[in-house]
Amino acid sequence: MRIDVVTIFPGYFDALELSLMGKARDRGLIDLRVHDLRESANDKHRTVDDTPTGGGAGMVMKPEPWAQALDGILADSVGAEPGESDEPLIIFPSPAGEVFTQAMARELASEAHLVFGCGRYEGIDQRVFDEYGERGRVRLVSIGDYVLNGGEVASIAMIEAIGRLLPGVVGNPDSLVEESHEDGLLEYPSYTKPAEWRGRRVPDVLLSGNHAAINAWRHEQSLERTRRVRPDLLDD
Ligand SMILES: N#Cc1c(-c2ccc3ccn(Cc4ccc(CN5CCCCC5)cc4)c3c2)n[nH]c1N
C-alpha cells in the first residue's frame, strides 16, 4: 500500500519510522511518502493560510497550495492491481467527519493508495473538499468527539490502525482476530506469568489447559466488559 501524507508538520510522521510501521516500511509493505505543504506554496513566505472569509477567529488554509500538492500526488499515482480501487482515496481528518472505526480500518486496508490531507488552524478551505470530491474519492474522517489542533495525530492513528491489518505486518495474524472491536466486542482481560503476583492469582481456568473452557470464559469476559463499558456496542 502506498500512503501519501500532506502536512505542514512532516516531523510528526517520524513516529511511523518506529516499531511495526517502521519494519513494514523497511519490508516494502507500506510505501509512506510525507509531503510538506509549504513546498507547494509559491509565494516568498510560503503562505498556506489566510483569514476566514465572513469573519471569525483564527485562520483557514488556502486552497492553492493544497491543489498543487494533491495534483502532484494524483498525477504520480499508478494504476492499481486488479480488484483494487483505481483512484487514490483522499482522507481529510476533520472533527466534522464520519467516525473512524475498526470496520473502516478493515475497509481502507484494501485500498492500493491512500492520501491523508492534514489540516491545521481552523481547517481547510471547503472548496478543496468540493474540488477533489468531484474529481475522485474524498472522505472526511474523525477519530473521536474531541478537538485536536490538526490532522496529524489523527492520520497517524488511522495509518497505524490500517497498516497493522495489511498481510505480513503483524507477526501473528491470529492476534488480529481477538482484539477489541474486531468481533464487535471489547477484548477479554489478559494475564501472563507469574501465576500469582502481590497475592493476585491468574484465573484458574486459564491454568487449566482446557481450551474450550478458556475460550468460553474469554467470550463471557468480553461480553461482561462490553455490557459494563460500552453497552452501545451491543445495540442492534
Ligand atoms: N480527525 C480529527 C479530529 C480533529 C481535527 C482534524 C483536523 C483539523 C484541522 C484543524 N483542526 C483544528 C480545529 C478544527 C476545527 C475547529 C472548529 N472551528 C470552528 C469554527 C469554524 C472552523 C472550525 C477548531 C480547530 C483539526 C482538528 N479534531 N478532533 C478530531 N477527532
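Hydrogens, waters and symmetry mates are skipped; everything else that's a heavy atom, side chains included, is used. In this chain, numbering begins with 1 at the start of the sequence shown. Ligands are counted one by one from 1 in listed order, and the atoms in each one are counted from 1 as well.
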Short list, please: which atoms of ligand 1 are under 4.0 Å from a heavy atom of N149? 11 (N), 12 (C)
Are the side chain of S208 and the backbone of V205 linked by a donor-acceptor contact shorter than 3.5 Å? yes
Got a donor-acceptor contact below 3.5 angstrom from the Y12 side chain to the G151 backbone? no
Any salt bridge linking R135 with D71? Criterion: basic side-chain nitrogen under 4.0 Å from a carboxylate oxygen. yes
Where does the angle between the aromatic ring planes of Y191 and W217 fall among parallel (under 30°), tilted (30 to 60°) and perpendicular (over 60°)? tilted
Using a strict threshold of under 4.0 Å (side-chain N to carboxylate O), is an ion pair present between R230 and D235? no
Heavy-atom nearest option to atom 19 (C) of ligand 1, drawn from M61, E152, E122: E122
In terms of side-chain geometry, is the basic nitrogen of E111 or R137 positioned less than 4.0 Å from the acidic oxygen of its partner? yes
For G97, is the nearest heavy atom under 4.0 Å from an atom of ligand 1? no
Per-atom contacts of ligand 1 with S142, taking only distances under 4.0 Å to non-hydrogen atoms: 1 (N), 31 (N)
Tell me the protein heavy atom at minimum distance from atom 28 (N) of ligand 1, and give that distance in Å. L148 N, 2.9 Å
As an exercise, identify every atom of ligand 1 less than 4.0 angstrom from a heavy atom of A154. 1 (N), 2 (C)
Nitrogen or oxygen of S94 less than 3.5 angstrom from that of ligand 1: yes
Indicate yes or no: at least one non-hydrogen side-chain atom of V60 is less than 4.5 angstrom from one of Y121. no
Of all heavy-atom pairs between P93 and G117, which one has the smallest distance, and what is that distance? CD-O, 3.1 Å
Any idea which atoms of ligand 1 are less than 4.0 Å away from a heavy-atom of Y121? 10 (C), 11 (N), 12 (C), 13 (C), 25 (C)
Closest by any non-hydrogen atom to atom 7 (C) of ligand 1: pick that one out of G58, G56, P93. P93
Tell me whether V141 has any N or O atom under 3.5 angstrom from an N or O of ligand 1. yes
Please identify which atoms of ligand 1 are closer than 4.0 Å to at least one heavy atom of Y146. 28 (N), 29 (N), 30 (C), 31 (N)
Under 3.5 Å between any N/O of M158 and any N/O of ligand 1: does that happen in this structure? no
Less than 4.0 angstrom from a charged side-chain N to a carboxylate O is my criterion; do R164 and E160 meet it? no
among protein heavy atoms, the one nearest atom 31 (N) of ligand 1 is G144 O, 3.0 Å
Suppose I only count heavy atoms of G119 and a 4.0 Å limit; which atoms of ligand 1 are within that range? 9 (C)
For D4 and H113, which I'm curious about, is there any donor-acceptor pair between the side chains at under 3.5 Å? yes
Protein heavy-atom partner closest to atom 15 (C) of ligand 1 - residue, atom, separation in Å: P95 CG, 3.8 Å
